[in-house]
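We number each residue from 1, following the sequence as shown.
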Amino acid sequence: MPGDVGLIAGPPRRTPGLRREEIAELAGVSAGYYARLEQGSAPHPSESVLAALARVLRLTTDEERHLRALAAWPGPVPAGAGAVPAGAGAVPAGAGAVPAGAAVSAGVRDDGAVIEQVSRSALRVMEMLRPPTAAIVLGRIGDVLAWNEYAPRLFPGRLPTEERHPSARSNNARYVFCDPRAREIFPRWEEVADDTVAHLRAAAGHLVDDPGFRELVDDLLATSPEFAARWQRRDVRRHVSGEKYLNHPVLGRLTVDYEVLAVLDQPDQFLVVYGLGDVEIPEPAATS
């Protein structure tokens, strides 16, 4: 509210928050220029303008990173920047099985879409991981592109054990909102759903012109009211490490640490590593 930032409060307002003119004043720009920024019709704002807007709007680190992505700012961004794909902290959906170390090339999905070239660096790292560490490779919009042999053991019945191309079902957001099994494996499904949409919203700044991203969001808006409600919140955040709580069919309640790692040879892909410690999990039966 105005009084919180040193402005005269004035009479009560029907809508909380600052007016456009007040934001412009606090950021040191004209109201007209700020309006053009909102409309996307102004030239790329400078570093100082972006920093001022982030300060005035009291943006979090993730929100400021999202602002810079929307502004296509080419300069440095806060530490830890880079678009973490949607659902990086989520459990992977069923995708084409790619054994660790396999050379994976671009191809065509069974629905006609182009498959991303899987990072060879990520595949090499997966080979180096100490058993029974599970790992997956996520693409730019959260498609599961590859995994090692321990991922199907952590997520039995969800990852085919034989090699195949990924399908549309391999996307994390589609799994969380469109597959009823997600509610069974995630005891905290509401939190997972919130994070999945916030991750996807964060990626929007980098993928605004990506047809695959637009198709994904449009499909989820049309098929999932729960996704649509969360999308309208415009929450932006990304988790690069943390804990996942699972309902494992054999081990029961399970807490798994995860880390999301960037790979340099495919900047839009990330390696997600799930630490299992000394937990022994059985090998899953083959799935079709």
Side-chain angles (χ1 to χ4, degrees), residues 83-98 104 106-119 122 134-147 151-152 154-155 157-160 163-186 189-231 235-239 244 246 258 260 263 266-272 274 287:
V84 177
V91 178
V98 183
V104 183
V108 178
R109 240 172 31 188
D110 56 14
D111 61 358
V114 175
I115 299 172
E116 297 175 71
Q117 175 80 33
V118 181
S119 163
I136 62 172
V137 179
L138 287 177
R140 68 191 189 286
I141 60 173
D143 289 337
V144 181
L145 305 179
W147 59 77
L154 183 60
F155 312 119
R158 302 253 323 282
L159 300 175
E163 186 170 357
R164 57 159 50 171
H165 286 308
S167 70
R169 297 188 304 274
S170 70
N171 182 269
N172 274 313
R174 292 186 194 277
Y175 173 75
V176 170
F177 288 97
C178 301
D179 193 324
R181 292 175 298 178
R183 298 174 188 267
E184 298 175 2
I185 198 169
F186 292 126
W189 183 88
E190 294 285 344
E191 294 180 10
V192 172
D194 290 345
D195 286 342
T196 298
V197 177
H199 292 164
L200 196 61
R201 175 66 75 175
H206 302 266
L207 302 172
V208 64
D209 295 323
D210 187 300
F213 173 80
R214 189 69 262 164
E215 177 187 3
L216 172 64
V217 172
D218 288 346
D219 286 350
L220 289 171
L221 288 173
T223 58
S224 173
E226 291 175 303
F227 174 86
R230 288 171 168 82
W231 187 253
D235 292 339
V236 175
R237 62 179 173 274
R238 288 174 290 201
H239 296 307
K244 277 294 159 190
L246 308 179
Y258 72 87
V260 183
V263 291
Q266 293 287 353
D268 290 332
Q269 295 178 18
F270 289 78
L271 175 66
V272 186
Y274 299 90
T287 60

Of Leu216, Asp179, Thr223, the residue whose pairing with Arg174 passes side chain to side chain contact (heavy atoms under 4.5 Å, CB included): Leu216

Note, Leu154 side chain near Leu246 side chain (heavy atom, < 4.5 Å): yes

Where Phe213 and Leu207 come nearest, the two heavy atoms and their spacing: CD2-O, 3.5 Å

Spacing of Arg140 atom CZ and Asp210 atom CG [to the nearest 0.5 Å]: 4.0 Å

Aromatic plane relationship, Tyr175 with Phe186 - under 30° parallel, 30 to 60° tilted, over 60° perpendicular: perpendicular

Non-hydrogen atoms of Ala202 and Val236 that approach each other most closely: CB-CG1, 3.7 Å

Phe227 CZ to Leu220 CG distance, which is reported to the nearest 0.5 Å: 4.5 Å

Under 3.5 Å donor-acceptor, Trp189 side chain and Val176 backbone: yes

Gap between atom CG of Asn172 and atom CG of Leu200 - 0.5 Å precision: 10.5 Å

Rounded distance [0.5 Å steps], CD1 in Ile141 versus NE2 in His199: 15.5 Å

Pair Asp235 + Arg230, salt bridge at N-O below 4.0 Å: no

Parallel, tilted or perpendicular: rings of Tyr258 and Tyr274 (30°, 60°): tilted

Arg237/Asp195 under salt bridge (Lys or Arg N to Asp or Glu O under 4.0 Å): CA gap, chis, key distance, verdict: CA-CA 7 Å; Arg237 62 179 173 274; Asp195 286 342; 2.9 Å; yes

Nearest heavy-atom neighbours spanning Ala135 and Ala151: O-CB, 3.9 Å

Derivation and outcome, side-chain contact (heavy atoms from CB on, under 4.5 Å), residues Leu145 and Leu138: CA-CA 6 Å; Leu145 305 179; Leu138 287 177; over 6 Å; no

Smallest separation among heavy atoms of Pro180 and Cys178, with atom names: CD-O, 3.8 Å

Shortest non-hydrogen contact from Ala228 toward Leu221: CA-CD2, 3.7 Å

Nearest-0.5 Å distance that lies between atom CG in Asp143 and atom CD1 in Ile136: 11.0 Å

